[in-house]
Structure formats: C-alpha cells, structure tokens
Amino acid sequence: MTNGNHIEKFQDPGLPEHIHRKADHDEKAAKKAERQVAILFLLSAVGTVLAIGSYIFMPQDLVIFIPIMGDQNAAQLCLGLGIAMATFFLGMGAVHWAKTLMPDTEVVAERHEFRSEEEDREAFVATVKEQGGSAGLGRRTLIKRSLGLAGGLAALTPIVMLRDLGPQPKKQLNTTSWVSGTRLVTDPGDRPIKPSDLEVGAVAQVLPALKAGEERTLENVGKDAVLLIRLNPNEFNLDSERLSWTHDGIIAFSKICSHMGCAVALYEQQTKHLLCPCHQSTFDVTRAAKVIFGPAARPLPQLAITIDSEGYLIAKQPFTEPVGPSFWERNTK
Amino acid sequence: MSQKERIAGGVANYIDERTGAAKWLNKNLKKVFPDHWSFMLGEVALYSFIILLLSGTFLTFWFDPSQRDVIYNGSYMPLQHVQMSAAYASTLHISFDVRGGLLMRQIHHWAALLFMAAIIAHLLRVFFTGAFRKPREANWLIGVGLVTLGIVEGFLGYSLPDDLLSGTGIRIAEAILQAIPVVGSYIAFFAFGGAFPGHVFIPRIYTVHVLLLPGAFLALITIHLMLVWYQKHTQYPGPGRTEKNVVGYPLMPVYMAKAGGFFGIVFGVTAFLGAVASINPIWLYGPYTPGQISAGSQPDFYMGWLDGLVRMSPPIETHAFGHTISWNILIPGLIVPGILFTGMALYPFIESYISGDKREHHLLDRPRNVPNRTALGAMSLTFMMVSLINGGNDLIATHFHLSINQIMWMSRIGIFVLPPLAFVITKRICLSLQRADRDLVLHGRETGRLVMLPHGEFVEVHEPISAEKAWTLTSHEQPRAIPNVSEDVNGVAKPKAVRNKLRSRMSVANAEQAPAATATEAKELEGGHH
Ligand code: HEM
Ligand code: FES
C-alpha cells in the first residue's frame, strides 16, 4: 500500500445469468406443477369440510385417547386440525404456484439517494427558515414563552383527570383486620381453632374471624392471611419478646411475602423453612422468619398469639409492622 | 383480447377515472422486493398480529371482563359451585361450553408467543445486518416501541382470565408499582381503584388490551410498513446488487401470492398448535385469591427474563428517614430494563456517532464484517439468556438435581462475567471468519484431491472460486477509525478533549478488521505460484 502502487479490488461481475425452471420451457413440467397446486388447494377444501363437519356433527363430550397427547376432546381436535389444514394448504398452494409458474426472472429497480438535488434542498431549507422566521417565534419571546406555558399546562389536564381512578392509600397499606382478641379461624371453613387441633410439625392457613354481618373480601385476604406452624417449643431460637408472641410451640406469620406479595405457601418440615414459590425467598421459622435465601429483604411479619378464655387461639395485638411488599411510606425501625 | 383481460382493463380504468392514481398504482404494483428467508421474520410478526386480532375478537364475544363475584355452574364439574370472578367464569365458559372456544383461546395464546418470538427474531436480523442504519433509524425506533408494547400487551392478556396463576402475576406487577419511590403507593391505589386486588383492574386492563394497545400496534405497524415501502427494502450484498438498485421480484403477482400464501401457512401452523398443544389450562389453577398460590408458576418467555432478574437480585432495601426504597425490586424490575431498552433504541445513533458514518446504507452487512456490532449483540443476548434461564431456576433445580442456591450464584456471577466473555469470543470468531474469507478468495477452495509434484511432494489441489463469490466476499467496506485529534493545526487544545478521546477509542475498536482480499494480492500470489 505504501509503495504507491494502485491496489486493484475485485470487480463486480454483475447479476448472474438467470437459470430457467423446468416448467418455463417444458409444458409437461408446467402441467405437473399445475396439478400439484390443485392438489394442495383440494387438501385445503378437505380441511374445511372436516372443520365444519366436526363442529356440527361431533358430540362435544367425546374424549379420545391419542398416544403421546393423552386424552383429547375429539370435537375440539378435529375442528382445529380442519382449520389448520384449510389455511395451511391454501397457503402452500399459493406459494407453490408462485414458485413454479409465476414469472421468476429477477427484476432490477433503481434506487435513488433520499437526499434531494442541492438546489431543491436549499430552497426547502430556505422556506423552512423563512416560514419559521416570518412567524417571528425567534424574535417574539413573549409569545414563545407564553405558548410554552400554555402548551405545557394543557398537557397536565389529562393527567389530573386520572385522579379519580382510585382513593388515596391513606393508612391502608399499614393496617390489617387483626386486632387484639381477634380469633384465628380456619381457611377455608371459618372454624375457630384450639392449640390441640395442630400437631407438632403441622401448618395451617388462618384468617381473622369475621364480626357478625361482615363479609370477607379479597382485599382483606390479601393482607390478613396468616400461617400457623407448630414446632417443639425448644426448637425456637427467638428473643424473649418474640417467644412470648408464640403459644405452646405455635408461631404465626403473615402469609403475604415481604418481597412482592405472593402467598408463601411451601413449608419444609425437616428444615423448618418457609418458601415463597414466586422468587424462592426462604424464611427460617425457628428464627422469626429471618430471610435465609432469595431476594426478600425483610422477615415475614410475626403475629403475636395467645388463647382466650374458651381456649381458642386469638391475636394478642395487631401486627406491629405493615404486611406485604415494601412501599415508600413504610416506616421500619 | 380475452374476456378476462377486458375485465381487468375495465377495473383498472374504473379506478383511475375516479382517483387519477394510474401512474402511482402502476409504479407500486411493479415495486421490486428482494427475496431472502430472513426477510420473512417481520412478515411472520405481521401475520401473527392479524391472527391475534381475529382470534381475540372471537374471544371478546363471550369474555366478561368483570371482577364481580359469581358462583360457577357451567359444565366443568370440579369447579361447580365455587365462588369466582365473572372473568374467570366466562373463561371457563369459553373453554368448555363454546364450540371451538378452547381452540380459539389456544390459538390466541400460541399466536401471542409466535408474535413475540417473530418480532424478536426480526429485531435480531435487523440488528446483526445493520438494516437500522441511515435512513432507517425511524423504523428501528418504531420496532423497539413494538417489542416494548408487545411485552405489555402479552402480560395484560395473560392477566385477563383472573386465574390463580395470572392473579399472582398481577400481584407482582402491583408490588413493582408500589415500590416506586415517593408516588408508588398512590400509583398502585389509582391503578387498582384502591387496595389490591379490588374490582376494577381487570375491566381497566381489558380496555387497554383490546382497544388502546391494538390501536397503537396498528398505527405503528402501518407507519413501519409505509416506511419499508417508501424507502425500499434493503438487500444482501452480491453480484449485481449495489447501493443504487434493488434486485428482486415485482409485487404483482409473485409477492402478493407468496405473502398471501405465507399468511395461510402461519395461520395453519398456529391453528395446528392450538389444536394439539394445550397452553394455559386455567381450569387446573382455580380462581384467584391472594391467600393461595400454584406452585412452579412461570410467566411467558418474553417476561421470563424480568422474572429471572428479580430472582437473582440481592436482598437490598434502604430504610431511612421513615421511608423505604426496595432496590431488590427497583433495580431488576425498572432500572435495568429501562437502561437496556433505552440503549437498544439509541443504538443506531450511537453507532453512527462512533463510526462517523452519516451516509445512507441499503446493502446489508454480513455480521462477521462488523465484528464490534456483532459482538455487542451477542453480549446483550447472553445477558438476556442468563436472566431467562434464572427465571426457570426452580425447574432447572429439580431437573438437574442442583440446589436453587447453586443456580442463583451461578446466575449472579454469570450475569457479570458471561456477557463480556461473549463479546470477546464473538469478536474473535468474526475476525477469524473474515480471515477465512480472505484465504478462500486468495487460495481457492480446498478440493481434498492430492496430487504428486514431479519431485515427489504431495500438495492439495485448490480450486479457484467464482468471480461472483470473490465479489461477495470482498465487496464490503473497510471502516476507518476516527483519529483522536485533541489539538487543532495551531497546537491549540480542542474543547471536549475527553469526549474526543473516548470516541476515538471506541472508533478504533469499532473499525477492527481483517483486510479483505484484493485482486492485486490474488494476482501477486498467482505469479508466485508459477
Ligand atoms: C409488530 C411487530 C413488527 C412487524 C409486524 C414488523 C413488520 C415488518 C416487515 C413486514 C418488514 C419488511 C420485511 C422485513 O425486513 O422483515 C419490516 C422491516 C423493518 N423492521 Fe419491522 N416489524 C415489527 C417489529 C420490528 C422490530 C421489533 C424492529 C426492531 C427494533 C423492527 C425494525 C424494522 C426495520 C429497521 C425494518 C426495515 C428493514 C429493511 O428494510 O431491511 N421491526 N418490519
Ligand atoms: S414474592 Fe415471595 S419471593 Fe418474591
């Protein structure tokens, strides 16, 4: 390159010569292609007959066994296969037709640079400048600024008008239905429980008992769901306050994951771990649901429990912290 | 003139006399489209979108987007007398009591997966071949908008039946909203009309899923295709193909027939999947309640990478001044995806800044000839794959007998180590492929035939490659790096020295190439041989 010699590149040999298909010059081959296309279209027609036929005539509850796929609803299957055949072969026919019988000589079209002729471009640029200038936006700063203000403000209206989509959160994220003395009842079933109903090693999902005339909403369940787990009291590894929140080896945690709110549903008896199936956050029951694995940053809130005069399990006090995922206003010590 | 020709002529005349569009129409009916299998990926996306519109409309005739409580009494026995939302009950109704209903639900879901897969494949093809370069940046931006909206649309659709699995997805989306600093709990309460789950969310997302977003898709796809039309399609390099021409087939009749036929094929494949492959059997999950969960919950694949990022994120929250910031949600849920998608949208502009190339491009790149871009693409793909794989960590754990802990640490390390590694390896592969091309042009194809020379030495016979092939392998551009000019001719330091230096560095990396073979070199070699 440095010796000044001209480096010669390879040259473009141009478009290779077109190779004709058999059907282009052989009438027999063309006839054959035509027949193939027709067969494809006919297969499509068979598909439609199958689809409509099975829709109308096949009993809806006929179940057939197909190897690999298992039990299948016959009507559903035949309808689907019919539609699939009808559309697939219609398409195949069209493509085969295009490939074998329609003109296949490549065509060369010119392409022009998008940039216009210099003269036109300059005229255009001048027009834009001039039109913009004659409106005087550049000079009339008062108009420019007030227009900006008005435009910006106008865009606020649609946002403001979304305000009534919902109420303010107020304290709703901080509270649950549990108050001191609320009985724990089974979910499902709504039956109050005694410690003796739970064997050591068992888990139960509970909800707060409803007051007369109250209905349980999903919003409540989403905050109130609690898991009860019974261990041997000596298996706990808790400070004295948290230990006093348990009763007879029974410990209660919010079932709503402190990460993103899924139901923490899996309890491993051997390890005494609670596992959230959503992102596998794992909580150690013996250590007040301390996070031992996964993305959750906080233990599951513990509910203090005891028994009432009739021996049924009750909440000693409300949760001392909000349950569920974090939010900006959450104030943890 | 035959009867048919007379009719065709009549139609053409009729149209022209009422629109004066004869010239324009004539030109466009003869419009030339280049042919390549990879140009069909965008078409698959388009066709699956049409299938989504058709099957989705069918579903709207029976779906009841309401969270009002009902007691189920349809023909699916296991859920008889169970309390559930009207949305869930109507989905059961479609699945069990509307003929072809289940089929349409399954076609709709399969088409959604196909749609996302096709857009992503199309995006990759556009990226790796450099089709996004000037003048097609606008279409790239529209494309990025389409993938983003596609993810949202898919998530919303999946959430509509209000089953236990999808409700859990909504719960997680709510937690992401709630985690936004300062305004999060307000946004969540406004979106859900109060506390989660409320009674308004499904009706609201229904409007978005069937009206707002499909409208946006239609508008964007229309502009997208008009631009493809107007700017004319790009083509792969080869003999006879230049920046100044388009080599291919005319719209009428070849492309019409092929495109229409291809739509039928895509429809047929989707219908086949809908007929034989069960997808999202919501009756097995039960109605949604926040107190329950179905084990092994997995989102659709286009959401899976987000889930994987959330799963591998370390448990960090900040508690200060009475406020909580959940980095464990914000980083994987909003910040990282935000950076990824912004970077993707800006890529055409970044590349043109680094290379200093402001010209129009209509010939596509072979990925190996742009090692830096190809390596960057491989790097991003690797990042996505690690996230996606971690999104299935529970399944992988049970399948390969690993602990979740092992997989999480592999992912946490992998997400930082593997993408750069992929970059380095891909770049090397590209460069060695370039050298291989060079060798092929200069030394010809190895034939595997050995001949004995007069003095007894064995050599393999190399067959020279065709002129067409030689042109294809050598016609690409050899970019030059932008020099780092920190001083002007008078020795005065230029402003923005740091920026210039950075740009020049990146430009050098971007221009790294194995030189293409030239005819001169080939001749010299030939001379040496004889
Ligand atoms: C609903 C989704 C989409 C549809 C229906 C669609 C459809 C199409 C079609 C039919 C073409 C012409 C043929 C082709 O090159 O494949 C095209 C071209 C193009 N698409 Fe898309 N596309 C979609 C999404 C995207 C995405 C996600 C991107 C990238 C981020 C993108 C960027 C482009 C570009 C830059 C072109 C021009 C390429 C060229 O001329 O070679 N599109 N699109
Ligand atoms: S919601 Fe429980 S781990 Fe994420």
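First the proteins, then the strands, lettered A, B, ... as listed; each starts at 1.
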Mind ranking [options] by heavy-atom pairs under 4.5 Å with chain A and telling me who comes out on top?
{"options": "Val32(B), Ile176(B), Val246(B)", "result": "Val246(B)"}
{"options": "Asp97(B), Leu103(B), Val276(B)", "result": "Leu103(B)"}
{"options": "Tyr288(B), Phe96(B), Phe196(B), Tyr249(B)", "result": "Tyr249(B)"}
{"options": "Glu468(B), His362(B), Met408(B)", "result": "His362(B)"}
{"options": "Ala173(B), Gly101(B), Gly100(B), Ala516(B)", "result": "Gly100(B)"}
{"options": "Pro314(B), Gly198(B), Ser466(B)", "result": "Gly198(B)"}

[X] versus chain A, heavy atoms under 4.5 Å apart: side chain, backbone, both or neither?
{"X": "Ile404(B)", "result": "both"}
{"X": "Ser475(B)", "result": "neither"}
{"X": "Tyr186(B)", "result": "both"}
{"X": "Gln67(B)", "result": "neither"}
{"X": "Phe33(B)", "result": "neither"}
{"X": "Pro253(B)", "result": "both"}
{"X": "Ala259(B)", "result": "neither"}
{"X": "Val254(B)", "result": "both"}
{"X": "Ile265(B)", "result": "both"}
{"X": "Thr318(B)", "result": "neither"}
{"X": "Arg359(B)", "result": "neither"}
{"X": "Asp69(B)", "result": "neither"}
{"X": "His323(B)", "result": "both"}
{"X": "Glu317(B)", "result": "both"}

If I measure from the heavy atoms of chain B, does [X] come under 4.5 Å with its side chain, its backbone, both, or neither?
{"X": "Met69(A)", "value": "side chain"}
{"X": "Gln72(A)", "value": "side chain"}
{"X": "Phe293(A)", "value": "side chain"}
{"X": "Glu113(A)", "value": "both"}
{"X": "Gln60(A)", "value": "side chain"}
{"X": "Ala75(A)", "value": "neither"}
{"X": "Ile56(A)", "value": "backbone"}

Q: May I have all residue pairs that pass ring pair (Phe, Tyr, Trp, His ring centres under 6.0 Å) and include part of residues 68-113 of chain A, sequence neighbours excluded?
A: none
Hey, is [X] close enough to [Y] for a salt bridge, meaning N to O under 4.0 Å?
{"X": "Arg311(B)", "Y": "Asp394(B)", "value": "yes"}
{"X": "Asp104(A)", "Y": "Lys99(A)", "value": "no"}
{"X": "Lys523(B)", "Y": "Glu8(A)", "value": "yes"}
{"X": "Lys255(A)", "Y": "Asp224(A)", "value": "no"}

Between [X] and [Y], is any side-chain donor less than 3.5 angstrom from a side-chain acceptor?
{"X": "Gln292(B)", "Y": "Thr289(B)", "answer": "no"}
{"X": "Ser85(B)", "Y": "Asp162(B)", "answer": "yes"}
{"X": "Gln235(B)", "Y": "Asn245(B)", "answer": "yes"}
{"X": "His319(B)", "Y": "Arg298(A)", "answer": "no"}

For the residue pair [X] and [Y], what are the closest heavy atoms and their distance?
{"X": "Ala188(B)", "Y": "Glu174(B)", "result": "CB-OE2, 3.7 Å"}
{"X": "Cys278(A)", "Y": "Thr168(B)", "result": "SG-CG2, 3.5 Å"}
{"X": "Cys276(A)", "Y": "Cys257(A)", "result": "SG-SG, 3.8 Å"}

So which of [options] has the biggest tally of heavy-atom pairs under 4.5 Å with chain B?
{"options": "Val291(A), Asp187(A), Leu266(A), Thr105(A)", "value": "Thr105(A)"}
{"options": "Cys262(A), Gly294(A), Ala51(A), Pro295(A)", "value": "Pro295(A)"}
{"options": "Val107(A), Val95(A), Ile66(A), Val226(A)", "value": "Val107(A)"}
{"options": "Ala84(A), Ala94(A), Gly47(A)", "value": "Ala84(A)"}
{"options": "Lys223(A), Arg330(A), Glu219(A), Gln172(A)", "value": "Glu219(A)"}
{"options": "Leu77(A), Leu173(A), Leu81(A)", "value": "Leu173(A)"}

**Q.** Lys358(B) atom NZ: more than 12 heavy-atom contacts under 6.0 Å
**A.**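 Count over threshold, so yes.
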Q: Would you please test Asp190(A) and Arg216(A) for salt bridge (charged side-chain N to carboxylate O under 4.0 Å, His left out) and show each step?
A: CA-CA 11 Å; Asp190(A) 278 326; Arg216(A) 200 180 303 288; 2.8 Å; yes
Q: Could you grab the distance from atom CZ of Phe57(A) to atom SG of Cys78(A), nearest 0.5 Å is fine?
A: 13.5 Å
Q) Distance from Gln280(A) atom CD to Asn405(B) atom CG, nearest 0.5 Å? A)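 It is 11.0 Å, given to the nearest 0.5 Å.
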Q | Face-on cation placement of Lys31(B) at Tyr255(B) ring, 6.0 Å and 45° thresholds | A | no
Q) Relative to the ring of Phe201(B), is the ring of Phe192(B) parallel (under 30°), tilted (30 to 60°) or perpendicular (over 60°)? A) parallel
Q) With no hydrogens and no angle check, is any side-chain donor or acceptor of Ser254(A) less than 3.5 Å from a backbone partner on Val323(A)? A) no
